**Student:** 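After the structure tokens below, expect a handful of questions from me.
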There are 2 protein chains.
Amino acid sequence: MRIKDIAKLAGVSPATVSRVMNNNGYVKEEKREAVLKVIKEVDYQPNPIAQSLKNQKSHMLGVIVPKISTETASRVVAGVTEVAKVHGYQVLIANTDLDIEEEINYLKFLSNKSVDGIIMMGTEVTDRHLAVMDKLAVPIVILGQEVKGYTSIIHNDYDASFSMTEYLIKQHHREIAFIGVDEKDEAVGVVRKKAYLDCLNKYAVKVDSKLMAIGDFDIDTGYQMMQQILTHKTPTAVFAVTDHLAIGAIHALLDAGLRVPDDVSVVGIGDIKLAAYLNPPLTTVHYTFKTSGKMAAEAVFELMEDDTKQGKRFMTTFELKTRASVKAI
Amino acid sequence: MRIKDIAKLAGVSPATVSRVMNNNGYVKEEKREAVLKVIKEVDYQPNPIAQSLKNQKSHMLGVIVPKISTETASRVVAGVTEVAKVHGYQVLIANTDLDIEEEINYLKFLSNKSVDGIIMMGTEVTDRHLAVMDKLAVPIVILGQEVKGYTSIIHNDYDASFSMTEYLIKQHHREIAFIGVDEKDEAVGVVRKKAYLDCLNKYAVKVDSKLMAIGDFDIDTGYQMMQQILTHKTPTAVFAVTDHLAIGAIHALLDAGLRVPDDVSVVGIGDIKLAAYLNPPLTTVHYTFKTSGKMAAEAVFELMEDDTKQGKRFMTTFELKTRASVKAI
DNA sequence: GAAATAACTGAAATCGATTTCACAATTATA
DNA sequence: TATAATTGTGAAATCGATTTCAGTTATTTC
């Protein structure tokens, strides 16, 4: 069913049908009714692609995620879709599986007028990213990393990490192991580590490089890094920069015959859904990923209205969730 | 940059540029090179919306999910996007938040030529769904429920649930509580329960309705249902139809002062990522959700080629993951 | 009652690509 | 060499909507 067909059935021109559908321009009441009747009868829905072409709006938002099958990503997407729906927008997902090449390809592809705005969940933002981003035809918002010149939604990684370290120190821990990730990820790899170090310094706790390990993002890595640390020394507490790393660490500790938290306390960051249901329930930092997704979407819509608002920086809140995985000394 | 501009720069007509881009029709070698040179220089990418309109193909797949921020959904989407990428397709996500009205709206909207195929993760499939599905202009595949006449990817819920029950019986459990969900969800609510009952019957274990409870899908429900069952009787084992329900049940048991698995064994279905890291590690059924997503996508592409293949029924495999949450009597 | 304004309508142009069609220039075949 | 077949090209139609433009009819205003 095309607009032409509706026009014929209603005995008017396509222009009139369009005017009725979009409620603009003059249409005599009886013709309007005739058109609406036909539309209802045949359940006519205009071809969105043709509309996109003519209106130069696709009513779609692109979301670039590093890995869709993670709790963080899916929560962000949930937030984005929620706001998108309010604006009558659809969400197009681009899953890069952590491949930078893919990320850049998607940036190009999506910008090419197939979406009206882009939200990129950043891990590593390279110069090549920036080169492409500078030429983008549509607004973009970066989520999770701070990129100057671009609107970014960032989690308060510094304060969160600092507070967590401080919390452990206030529980009288002094031998606090650190399990981090590669520095290519600015927010997680660099900022969270810096906050940890700064906090130790503030409280004059000496930094022991033997208690620090850097690896990937998965549970297994947490396990291995913990084992590695244990070969040198047994800390009284472990600060893992993600909950998954913390879970791996806990299991390594248990397998080494240590009790958590009685022998070693463990904390993470992220507050995955099951954190409270682990044994012991995990002390962690709650981030509002869904809210971040919403904020990102709202920022994109704002940029679509007025692209001079580029470059804003939004920081989301966090909350320390103290649970049983930490025991004071 | 439009095709016209490229044509002008290369000193040819838009038709020739199109012929070069799509590698069809005759083009003299020198003109082809001239065109390619210009395309490369200005990094021209054709407007996908205009192409969609002309070609009547959007190169997009629609996925309707009940809740994007669940592990199941995100794994399915990961599988779908993987296959989609191979075919040069993008994935459009429609998140219905379990709202049937939304589901039907999305079916209509997506079918309307804005995607070339639809994958619907079904929970409840009503007559209203069917009415809309019958009129769909594009192929659709249902994932997770069996709908006759439509290609469905189903998990072997019956056998999985039966095997799990059988496993408990073989561990000499006879008082096996059941925590299920509403029957509106055919696969989870009806089939899994039927298999449980059939298995009890097969082994002449008497069914005790006091040991059965029906609720929602979340951890809290599992907790409450377990508490409710405990007011009547303490079973030796609990069969929850999802891992989340099992986790809720475990916590209710622990809070009631019972030990898992020493006093009560608990099993779930789904094998969420953290199932092996819970305490105790959860005995459950591993479903290959990502594979289901891939199969669904492949089935959709097959239907796009040849719509007579409609109505196939694919069953995915499962694997019993026996972990420490079950103890033989 | 004439002039000015408002209400209404459809033909045609447009969005940016693809493809048909008609025709021209080569090359192959008889 | 004449004819047929192949190669090569651009103008124009097309996809399905929206919008401008020009023209008609109805309503005010003086």
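Small disclaimer: the values here were computed from a predicted structure and weren't measured. Every chain is numbered from 1 and lettered A, B, ... according to where its sequence line falls, protein lines coming before strand lines.
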**Student:** If only side-chain N and O atoms of A:Lys4 are considered, is one of them under 4.0 Å from the OP1 or OP2 phosphate oxygen of D:dG16?
**Tutor:** no

**Student:** Start at the 5' end of DNA chain D and walk down; is the nucleotide closest to A:Ala50 or to B:Lys28 reached first?
**Tutor:** B:Lys28

**Student:** Whole Å only: how far is the CG atom of A:Leu53 from the C1' atom of D:dT19?
**Tutor:** 14 Å

**Student:** Take atom CD of A:Glu29 as the centre, draw a 6.0 Å sphere, and report whether it contains more than 12 heavy atoms from other residues, nucleotides or ligands.
**Tutor:** yes

**Student:** Round to the nearest Å and state the distance from B:Ile3 atom CD1 to C:dT18 atom C1'.
**Tutor:** 8 Å

**Student:** Please confirm whether the shortest side-chain N or O distance from A:Asn24 to OP1 or OP2 of D:dT18 is below 4.0 Å.
**Tutor:** no

**Student:** Let me confirm one number: the OG-NZ distance from B:Ser13 to B:Lys31, rounded to the nearest 0.5 Å.
**Tutor:** 8.0 Å

**Student:** Quick check on C:dT14: is either OP1 or OP2 less than 4.0 Å from any side-chain nitrogen or oxygen of A:Gln56?
**Tutor:** no

**Student:** Could you work out which one of C:dT18, D:dT19, C:dA17 sits closest to the side chain of B:Arg2?
**Tutor:** C:dA17

**Student:** Could you check how far CG of B:Asn22 sits from P of C:dT20, rounded to whole Å?
**Tutor:** 12 Å

**Student:** Closer than 4.0 Å, any side-chain N/O of B:Tyr44 to the OP1 or OP2 of C:dA17?
**Tutor:** yes

**Student:** Send over the distance from B:Arg19 CZ to C:dC21 P, rounded to a whole Å.
**Tutor:** 14 Å

**Student:** With a 4.0 Å cut-off on heavy atoms, is B:Val12 in touch with a base, just the backbone sugar-phosphate, or nothing at all?
**Tutor:** sugar-phosphate

**Student:** Select base, sugar-phosphate, or nothing to describe what A:Thr16 touches, counting heavy atoms under 4.0 Å on all strands.
**Tutor:** sugar-phosphate

**Student:** Below the 4.0 Å mark, does D:dG16 have OP1 or OP2 next to a side-chain nitrogen or oxygen of A:Gln51?
**Tutor:** no

**Student:** Report the distance from atom OH of A:Tyr26 to atom P of D:dT18, rounded to the nearest whole Å.
**Tutor:** 20 Å

**Student:** Can you pull the ring-ring contact (aromatic ring centres under 6.0 Å, His included) pairs that have at least one residue in residues 43-79 of chain B, sequence neighbours excluded?
**Tutor:** B:His59-B:Tyr89

**Student:** Check the distance between D:dT18's P and A:Ile49's CD1 and give it to me in whole angstrom.
**Tutor:** 14 Å

**Student:** Report the residue (B:Lys54 or B:Gly25) whose heavy-atom-nearest nucleotide on DNA chain D is the more 5′ of the two.
**Tutor:** B:Gly25

**Student:** Using only heavy-atom distances, determine whether the side chains of B:Glu82 and A:Asn95 contain a donor-acceptor pair under 3.5 Å.
**Tutor:** no

**Student:** Remember a base hit wins even if backbone is also touched, and classify A:Val27 as base, sugar-phosphate or nothing at under 4.0 Å, heavy atoms.
**Tutor:** sugar-phosphate

**Student:** What's the CD1-C1' distance between B:Ile6 and C:dT18, to the nearest Å?
**Tutor:** 16 Å

**Student:** Would you say a side-chain N or O of A:Asn55 is under 4.0 Å from OP1 or OP2 of D:dA17?
**Tutor:** no

**Student:** Measure from CG on A:Asn23 to P on C:dC8 and round the result to the nearest Å.
**Tutor:** 13 Å

**Student:** Do the side chains of B:Glu41 and B:Lys37 get close enough for a salt bridge, i.e. N-O under 4.0 angstrom?
**Tutor:** yes

